[in-house]
Chemist: 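Take a look at this one; I'll ask things after.
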Amino acid sequence: MPELPEVETTRRGLSPVVIGKVVRSVIVRVPKLRQTIPAALPDVLVGQRILDVKRRAKYLLFCCTDGTLLLHLGMTGYLWMVFNSAPPGRHDHIELIFDDGSILRFNDSRRFGTLLWIEDDPLEHSLLAHLGPEPLDGALNGAYLARLAQGRKLCVKAFIMDQSVVAGVGNIYASEALFRARILPQTPAGQLHLTQWQALRDAIKTVLAEAIAAGATTLHAFRKTEKPLGYFPMTFKVYGRAGEPCPNCGRPLLVEKIGQRSSYYCCRCQR
DNA sequence: AATCGCGCCTGACGGC
DNA sequence: TGCCGTCAGGCGCGAT
């Protein structure tokens, strides 16, 4: 599920229900995620108070008393809060039980997720240190993208999905942003002009911000409800719409694999 | 140095 | 009904 907007929506939904709580116990049912969860993790977590929940790219950072619990939702991961002792479901691999009895559960059917404890500055950790600028922070601009893309032959779509270039853009929002910026996803990154990079930067910001806004409107519904966090209804202009008419010109939208990922676009509106 | 393709997993879906 | 192939919103790794 998660690209930046879904992770951010999860963070916003989670913050009011976990900040300030102390971990009373931890259950690890299935330790074998992308990296196997160390057997010592529960002991490390018990007694930790959650001071804040932050996000970097698609990672969630639970800032605790003595360190940071880093979580990546992978492809299918989600979190949900349990307030009444609802039984765990299939693929509820890990849970944190808090001092007030509430439970945070991590469900991940494909187990591409990552969960690890970091004692030092998490931003210096190898998983986070290489990440590019946050697209909504203002650090991202057209000149930066143009400079990084210089001489690169990689398709622009794969380029903006590179987390060391921009943090948080995944397969859906890459297609959506390129459509909005009217750029063909197959274009080698090094061939784009500065004005196109500026348009693409604007488009990335717009599609992500709109998705976060859509997520925010559903957030009140998550409070005190036992549902997966971070899911919200979202309609896309091109993603998943091969064969349907382009919302601009009416031509059938196309789909093509670029770097092993399905990419949706309009061959008339995007150049 | 940059790029490609694979593997990690399970589940849903369509064709036969 | 079952079996099989394909596809799925991610990412790091090794080979080229």
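What you see is a predicted model, and the numbers here were worked out from it, not measured in a lab. Lettering of chains follows the sequences in order, A, B, ..., and the numbering in each one begins at 1. The analysis underlying the following values was restricted to heavy atoms, covering all of them including side chains, and did not include hydrogens, waters or symmetry mates.
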Chemist: Determine the contact category for A:T114: base if any of its heavy atoms lies under 4.0 Å from a base atom, sugar-phosphate if only primed atoms, P, OP1 or OP2 are that close, otherwise nothing.
Modeler: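 Counting heavy atoms under 4.0 Å across all strands, no contact is made by A:T114.
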Chemist: Could you tell me which residues satisfy side chain to side chain donor-acceptor pair (under 3.5 Å) with A:W80, sequence neighbours excluded, listed by chain and number?
Modeler: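 Result, side chain to side chain donor-acceptor pair (under 3.5 Å) vs A:W80: A:D92.
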Chemist: Between P on C:dC11 and CD on A:Q163, what's the gap in Å once rounded to a whole number?
Modeler: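 Roughly 5 Å, once rounded to whole Å.
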Chemist: Got a sec, which residues hit side chain to side chain donor-acceptor pair (under 3.5 Å) with A:R29, two or more places apart in sequence or on another chain?
Modeler: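 Partners of A:R29 under the side chain to side chain donor-acceptor pair (under 3.5 Å) test: A:E95.
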Chemist: Under 5.5 Å between ring centres and under 30° between planes: does that hold for A:F112 against the base of C:dC11?
Modeler: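 Taking the rule of under 5.5 Å and under 30°, the ring of A:F112 does not stack on C:dC11.
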Chemist: Is it true that A:R180 and A:E210 have a side-chain N and a carboxylate O under 4.0 angstrom from each other?
Modeler: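 Counted as a salt bridge, because a side-chain N and a carboxylate O are separated by less than 4.0 Å.
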Chemist: Would you say A:H72 places a side-chain N or O within less than 4.0 Å of OP1 or OP2 belonging to C:dG10?
Modeler: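 For A:H72, the contact criterion (side-chain N or O under 4.0 Å from OP1 or OP2 of C:dG10) is not met.
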Chemist: Does A:V238 form a side chain to side chain contact (heavy atoms under 4.5 Å, CB included) with A:E176? I'd like the steps, not just the answer.
Modeler: CA-CA 6 Å; A:V238 293; A:E176 294 294 307; 3.3 Å; yes
Chemist: Can you sort out which residues in residues 140-153 of chain A have a heavy atom within less than 4.0 Å of DNA chain B? Ascending by number, please.
Modeler: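 Residues of residues 140-153 of chain A under 4.0 Å from DNA chain B: A:R152, A:K153.
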Chemist: Within a reach of under 6.0 Å around NZ of A:K205, are more than 12 heavy atoms found that belong to other residues, nucleotides or ligands?
Modeler: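 For A:K205, atom NZ is crowded (more than 12 foreign heavy atoms under 6.0 Å).
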Chemist: Measuring from the side chain of A:K257 (C-beta onward, heavy atoms only), which nucleotide among B:dC4, C:dA8, C:dG9 has the closest atom?
Modeler: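 The closest nucleotide is C:dA8.
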Chemist: Take the protein atom OH of A:Y239 and the nucleotide atom C1' of C:dC7, then report the distance between them rounded to whole Å.
Modeler: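 In whole Å, C:dC7 C1' lies 10 Å from A:Y239 OH.
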Chemist: Measuring only the P atom in each nucleotide, how far is C:dG9 from B:dT3? A whole number of Å is fine.
Modeler: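 Nearest-Å result for C:dG9 against B:dT3 at atom P: 22 Å.
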Chemist: Tell me if the NZ atom of A:K21 is crowded by more than 12 foreign heavy atoms within 6.0 Å.
Modeler: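 Counting other residues, nucleotides and ligands, NZ of A:K21 exceeds 12 neighbours.
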Chemist: If only side-chain N and O atoms of A:K58 are considered, is one of them under 4.0 Å from the OP1 or OP2 phosphate oxygen of C:dG9?
Modeler: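 False: A:K58 side-chain N/O out of range (4.0 Å or more) of C:dG9 OP1/OP2.
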Chemist: Any N/O pairs under 3.5 Å between the protein and nucleotides 12-14 of chain C? List them or say none.
Modeler:
from	atom 1	to	atom 2	distance (Å)
C:dG12	O4'	A:R34	NH1	3.4

Chemist: Please list, for nucleotides 10-14 of chain B, all pairs of protein and nucleotide N/O atoms separated by less than 3.5 Å.
Modeler:
from	atom 1	to	atom 2	distance (Å)
B:dT10	OP1	A:R111	NH2	2.8
B:dT10	O4'	A:S109	O	3.3
B:dT10	O3'	A:H91	NE2	3.1
B:dG11	OP1	A:R90	NE	2.7
B:dG11	OP1	A:R90	NH2	2.7
B:dG11	OP1	A:H91	NE2	2.6
B:dG11	OP2	A:R90	NH2	3.1

Chemist: To the nearest angstrom, how far is A:E176 atom CD from C:dG9 atom P?
Modeler: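 After rounding, the gap between these two atoms is 13 Å.
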Chemist: Using the P atom on both, measure B:dA1 against C:dC11 and round to a whole Å.
Modeler: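 24 Å, rounded to whole Å.
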Chemist: Of all the base pairs, Watson-Crick or G-U under 3.5 Å, which form stems of three or more consecutive pairs involving DNA chain C?
Modeler: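 B:2-8 with C:10-16, B:10-16 with C:2-8 - these are the stems of 3 or more pairs that involve DNA chain C.
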Chemist: Within the structure, does a side-chain N or O atom of A:S262 lie under 4.0 Å from either OP1 or OP2 of C:dA8?
Modeler: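 Yes, such a contact exists.
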Chemist: Provide, to the nearest angstrom, the distance between the NZ atom belonging to A:K237 and the P atom belonging to C:dG9.
Modeler: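 Nearest whole value for this atom pair: 20 Å.
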Chemist: How many whole angstroms separate atom CZ of A:R261 from atom C1' of B:dG5?
Modeler: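 Atom CZ in A:R261 sits about 13 Å away from atom C1' in B:dG5.
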